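Heads up, the thing below is written out as structure tokens.
All heavy atoms count here, side chains included; hydrogens, waters and symmetry mates do not. Each chain gets a letter, A, B and so on, in the order the sequences are listed, and its residues count up from 1. Small disclaimer: the values here were computed from a predicted structure and weren't measured.
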Protein chains: 4
Amino acid sequence: MSATAPAALQPRKRPRRARAVATVDAIFEATIQLLLSGGLSRLTTTRVAERAGVSVGTMYQYFPHKQALIYGLNARYLEALAERIEAACRACHGARVDEMVRLLIETYWRAKTERADVTRALYLSVAGMDNSALIDEFARRADDATMAMLQTAADARFANIELVNRTLVTVVFGTVRNAFERNLEGARADAVRAELIRMCRAYLREAASSP
Amino acid sequence: MSATAPAALQPRKRPRRARAVATVDAIFEATIQLLLSGGLSRLTTTRVAERAGVSVGTMYQYFPHKQALIYGLNARYLEALAERIEAACRACHGARVDEMVRLLIETYWRAKTERADVTRALYLSVAGMDNSALIDEFARRADDATMAMLQTAADARFANIELVNRTLVTVVFGTVRNAFERNLEGARADAVRAELIRMCRAYLREAASSP
Amino acid sequence: MSATAPAALQPRKRPRRARAVATVDAIFEATIQLLLSGGLSRLTTTRVAERAGVSVGTMYQYFPHKQALIYGLNARYLEALAERIEAACRACHGARVDEMVRLLIETYWRAKTERADVTRALYLSVAGMDNSALIDEFARRADDATMAMLQTAADARFANIELVNRTLVTVVFGTVRNAFERNLEGARADAVRAELIRMCRAYLREAASSP
Amino acid sequence: MSATAPAALQPRKRPRRARAVATVDAIFEATIQLLLSGGLSRLTTTRVAERAGVSVGTMYQYFPHKQALIYGLNARYLEALAERIEAACRACHGARVDEMVRLLIETYWRAKTERADVTRALYLSVAGMDNSALIDEFARRADDATMAMLQTAADARFANIELVNRTLVTVVFGTVRNAFERNLEGARADAVRAELIRMCRAYLREAASSP
DNA sequence: GATGAATGAGATTTCATTCAT
DNA sequence: TATGAATGAAATCTCATTCAT
């Protein structure tokens with residue numbers, strides 16, 4: 001009987017798992033708050049555990065050392081970000097280039113600004129670890145997604161699409177980061193974002209026409 | 001830069017003698033090497049002094065605490081960078097927009113890549129201090145310089161020049177940083193740089209024509 | 001052994017069922033392996049339980065604390081060793097001194113070397129507890145057994161038999177331990193063992209003749 | 001001893017000044033006291049520093065980690081012990097075998113018992129480190145010294161001197177250790193020591209006559 | 001009974017900074 | 001003035017033990 005019992009009838013481990021997930025979430029949230037309030041140098045394992053409401057020991061069961069905590073935080077964030085970009089790009093397959101540019105920039109910009117505190121906290125944290133693997137993976141996924149999108153453009157064909165694509169993502173992601181670092185906010189940020197869209201459209205228009 | 005630097009972050013004394021200058025240089029160089037080899041977390045005052053060939057005590061004569069060291073390193077670098085940008089912009093007064101864009105981008109790109117190790121070390125170090133004052137000051141100087149340059153363009157007039165200028169510098173500086181983070185190097189970096197020039201030219205052309 | 005063991009170091013319960021015995025065996029075996037691979041400092045309760053294939057909780061049912069585990073391991077081993085010595089001595093009652101010496105040394109030497117890993121692990125573990133009770137008890141049993149044997153020697157009578165006996169066991173047990181510590185193995189160990197027998201025989205011959 | 005010591009276990013710096021020597025002595029003395037009062041498990045770096053009257057930081061300047069401290073303690077002790085044995089053996093060159101045996105055993109026994117607390121502390125500490133290098137080096141020096149002595153015996157020549165020598169030192173050193181472990185003290189210890197001398201003499205007499 | 005996640009005291013180690021020489 | 005030994009607060013991490021499930 002039990003061999004064929006559906007998974008839904010085995011709730012034994014579920015509460016435990018749910019709790020573990022909540023614990024990890026609390027730890028990440030505490031990390032972000034501490035990064036924002038005191039920067040990387042004030043981020044100590046003791047304080048993270050305390051703020052998260054768990055014991056240090058528990059924290060060390062989920063993260064074998066401090067680096068793993070920071071890495072995990074970045075991994076989770078970049079994973080979510082990559083997914084959003086991929087979804088946005090998929091949604092634009094077959095659209096016109098102008099639309100693609102608009103959606104790409106707005107998606108990325110919104111992802112960065114809707115929880116600006118998290119974004120800032122992560123920018124603060126990356127110096128504390130070897131993040132090249134994470135960055136590379138994220139860059140690869142983003143490049144692939146935008147490339148696949150650009151190839152389906154309804155109104156354009158690009159001679160050197162690899163280069164055009166790489167330029168586009170480097171410019172968009174870089175500009176957003178720099179806007180952040182300069183504390184561009186509110187109306188100013190909106191204006192720059194609109195101009196960035198204009199700029200990228202102008203570029204792609206030119207890149208499509210000339211071989 | 002020093003004009004706006006908080007008093008607490010100032011070097012204890014201006015090195016007036018040649019020997020003192022050499023000492024400070026050695027300390028900065030040691031800091032950069034250690035940042036590159038072990039990141040911010042391996043950067044200790046003892047190691048810096050040792051690598052620089054001076055005693056900790058001597059180092060504390062020039063930098064009252066560790067933060068002052070990192071701050072000083074960034075200040076010196078951003079000061080030099082700002083000066084290069086200002087010089088490049090001055091050299092372009094009265095030129096055509098295409099030329100301005102080319103020189104701005106090439107100047108900045110070269111400044112970042114000719115000692116890529118230093119650039120990387122500084123990116124690693126910024127998380128360790130409150131750098132907003134430095135960043136703001138640098139952004140202001142860069143904005144002013146490019147703005148003054150754009151206003152003298154031989155072949156263009158911009159309706160909303162403030163926004164156009166802000167967009168331009170945000171895009172250029174952001175893109176360079178992102179190219180760095182993605183480890184774009186060699187031919188790939190050159191190609192993206194050329195495309196960035198193309199993109200900015202297309203943008204300014206459009207911005208000049210339409211109000 | 002158990003007669004004199006302090007109450008606090010006693011196993012919580014006597015394993016009566018076969019399964020419980022197997023569990024305790026597995027725990028002891030895991031302890032030995034961990035001692036050999038990482039020394040006393042790497043011996044943690046979690047690792048012992050994991051290696052033994054039981055949960056920590058279960059382990060704490062058999063051993064109320066870590067000390068009890070180490071104590072139990074030593075007690076079991078010394079108990080078995082004492083029994084072997086007693087048996088060997090009993091088997092020699094009425095024999096000649098040369099035979100007694102040979103059997104005593106060979107029995108002890110073999111007991112130590114047939115599972116050299118266990119012997120080594122136990123030498124490593126004793127520093128981690130107050131083992132004087134165990135050592136004393138073992139020494140008493142060994143002394144009694146050899147004493148009883150010597151008194152029945154067919155070809156000798158000893159004036160100060162207490163001293164002769166104490167000297168004999170101290171020399172034999174000490175030499176074996178030292179041979180171990182010096183990593184005497186193979187043919188070298190055999191040669192030293194044979195010489196030890198010769199030496200003890202020479203001593204007892206002399207001790208028997210002179211009052 | 002230091003010739004074969006692994007680099008990782010070496011003291012961080014050689015104490016050159018008198019004060020530094022006093023500091024290192026105080027640390028060693030504190031270590032011994034703590035080993036005696038609480039065993040290896042109560043030996044913590046904090047307590048050692050506190051008892052020695054220095055700060056932890058200072059302690060870590062002389063010993064890069066706890067293992068190095070224990071290693072250093074043993075190395076110093078075994079070095080002194082080896083020197084005493086070597087001196088005693090040198091003093092016996094050309095003497096008769098009986099005299100050699102007496103001096104060897106009395107020297108070693110006295111070295112172990114005149115500061116019995118230290119001896120005991122060291123026996124407790126050895127389980128906490130990889131001591132094979134130290135033990136090997138000490139054994140080699142002791143073997144060499146006794147061998148050189150035996151070869152000059154005025155009244156004996158040994159066919160298989162290597163084996164005889166190895167047996168002799170293994171027996172003597174092992175017996176002393178065992179006497180210690182059994183807490184043989186006072187008159188009992190003296191009696192056993194005298195018997196050990198007798199035994200070794202009888203052995204060497206026999207070994208010298210028969211090939 | 002069995003389990004193993006959670007606990008938190010406490011261990012080891014680091015490192016910015018001072019100050020006697 | 002230059003040095004670098006000494007300091008000790010504080011950081012990271014471990015692990016024996018408990019207890020809810």
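The CD-C1' distance, from Q61(D) to dA6(F), rounds to 6 Å in whole Å. The nearest whole Å value for the distance from the CD1 atom in I70(B) to the P atom in dA16(E) is 9 Å. Counting to the nearest Å, the C1' atom of dA6(E) and the CD atom of E50(A) are 17 Å from each other. Note: NE2 (H65(A)) to C1' (dA11(F)) measures 16 Å, nearest angstrom. The CZ atom of F63(D) sits 12 Å away from the P atom of dA6(F) (whole-angstrom rounding). The separation between Y60(D) atom OH and dA16(E) atom P is 18 Å, rounded to whole Å. Protein atom CG of L40(D) is 13 Å distant from nucleotide atom C1' of dA11(E), rounded to whole Å.
The nearest pair of heavy atoms linking F63(A) to A68(A) is CD2-O, 3.7 Å.
With hydrogens and angles ignored, the 3.5 Å screen pairs a side-chain donor or acceptor of T31(D) with a backbone N or O of I27(D). Of the possible donor and acceptor atoms, one in the side chain of S37(D) sits under 3.5 Å from a partner among the backbone N and O of Q33(D).
Within the 4.0 Å cut-off from OP1 or OP2 of dA6(E), at least one side-chain nitrogen or oxygen of Y62(A) is found. Here S55(C) reaches the OP1 or OP2 of dT3(E): one of its side-chain N or O atoms lies under 4.0 Å away. For T45(D), a side-chain nitrogen or oxygen approaches OP1 or OP2 of dT12(E) to under 4.0 Å.
A residue-by-residue look at M59(A) and T58(D) shows that M59(A) has its nearest nucleotide of DNA chain E further toward the 5' end. Nearest-nucleotide mapping onto DNA chain F: of T46(A) and R42(C), the residue sitting toward the 5' end is T46(A). If you find the closest nucleotide of DNA chain F to L43(C) and to K66(A), the one lying nearer the 5' end belongs to K66(A). A residue-by-residue look at V56(D) and G57(C) shows that G57(C) has its nearest nucleotide of DNA chain E further toward the 5' end.
Among the atoms of the strands shown, only primed sugar atoms or phosphate atoms (P, OP1, OP2) are found under 4.0 Å from some heavy atom of R47(C). Residue-level contact check: T44(B) touches the backbone only, with heavy atoms under 4.0 Å from sugar-phosphate atoms and none from bases. If you check every strand for non-hydrogen atoms under 4.0 Å, L69(A) touches nothing.
Distance OG/S125(B) to CG/N74(B): 4.0 Å, rounded to 0.5 Å.
Across L122(A), V48(A), L73(A), a single residue satisfies side-chain contact (heavy atoms from CB on, under 4.5 Å) together with L35(A), and that is L73(A).
dA20(F) is paired with dT3(E) under the criterion used here, namely a Watson-Crick or G-U wobble arrangement in which both key atom distances are under 3.5 Å.
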